[in-house]
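Note sheet for the following structure.
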Amino acid sequence: MKIGHNSVVAFDYTLTNDTGEVLDKSEPGEPLVYLHGHEQIVPGLEAALAGKEPGERVVAIVSPVDGYGEKSGDPDMQVPVSALPQDVTIEEGMVLDAQSPDGEQVTLWVTQVTTEHVHVTPDHPLAGVTLHFDVTVKDVREATKDELSHGHVHGPGGAH
Ligand code: ZN
């Protein structure tokens with residue numbers, strides 16, 4: 001079947017940047033699995049996969065605006081270590097869910113950890129990067145009722 005709204009899709013992928021450097025790739029035999037139409041992958045790739053079938057190869061060049069966003073240009077914020085929960089070890093590359101002063105949920109990426117401060121940025125590590133996806137669609141099926149009510153895929157590659 002073709003990929004459409006509420007399809008469960010498995011695909012192999014290699015992600016490179018403009019210079020051909022490999023940023024990420026799926027392991028052989030371990031495709032990425034997602035629920036189509038639910039913003040689980042970047043919008044530019046989701047759009048490129050719509051209507052494709054198992055066995056098809058999709059090469060998609062996704063601009064930052066359809067990928068992980070543009071860079072904000074803001075300097076990193078420095079949070080005193082003492083202001084952070086003491087029961088978690090904060091490491092570079094970690095993602096933190098935080099609340100802005102006006103109560104909005106924000107996602108922050110840890111860019112640096114010193115003895116006194118944790119440096120964080122709202123920019124995704126791939127913000128501002130043009131994404132080159134080389135994808136092969138492995139499997140397409142309808143989502144089950146349970147999957148739709150949970151909003152995610154069950155089984156291999158999925159939740160639970
Ligand atoms: Zn579930």
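Start at 1 and go down the list; that is how both ligands and their atoms are numbered.
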- For the residue pair H154 and H152, does the interplanar ring angle fall in the parallel (under 30°), tilted (30 to 60°) or perpendicular (over 60°) class? tilted
- Message: More than 12 heavy atoms of other residues, nucleotides or ligands under 6.0 Å from CD of E53: yes or no?
- Response: yes
- The single option from D134, D12, T136 that satisfies side chain to side chain donor-acceptor pair (under 3.5 Å) with R57 is D134
- Donor-acceptor pair between D123 and Y68 side chains, under 3.5 angstrom: no
- Which of parallel (below 30°), tilted (30 to 60°) and perpendicular (above 60°) describes H36 and Y34? tilted
- Task: For the Zn ion (ligand 1), count the protein N, O or S atoms found under 2.8 Å away.
- Result: 4
- Message: With side chain to side chain donor-acceptor pair (under 3.5 Å) as the test, pick out the partner of N6 among H38, E147, E142.
- Response: H38
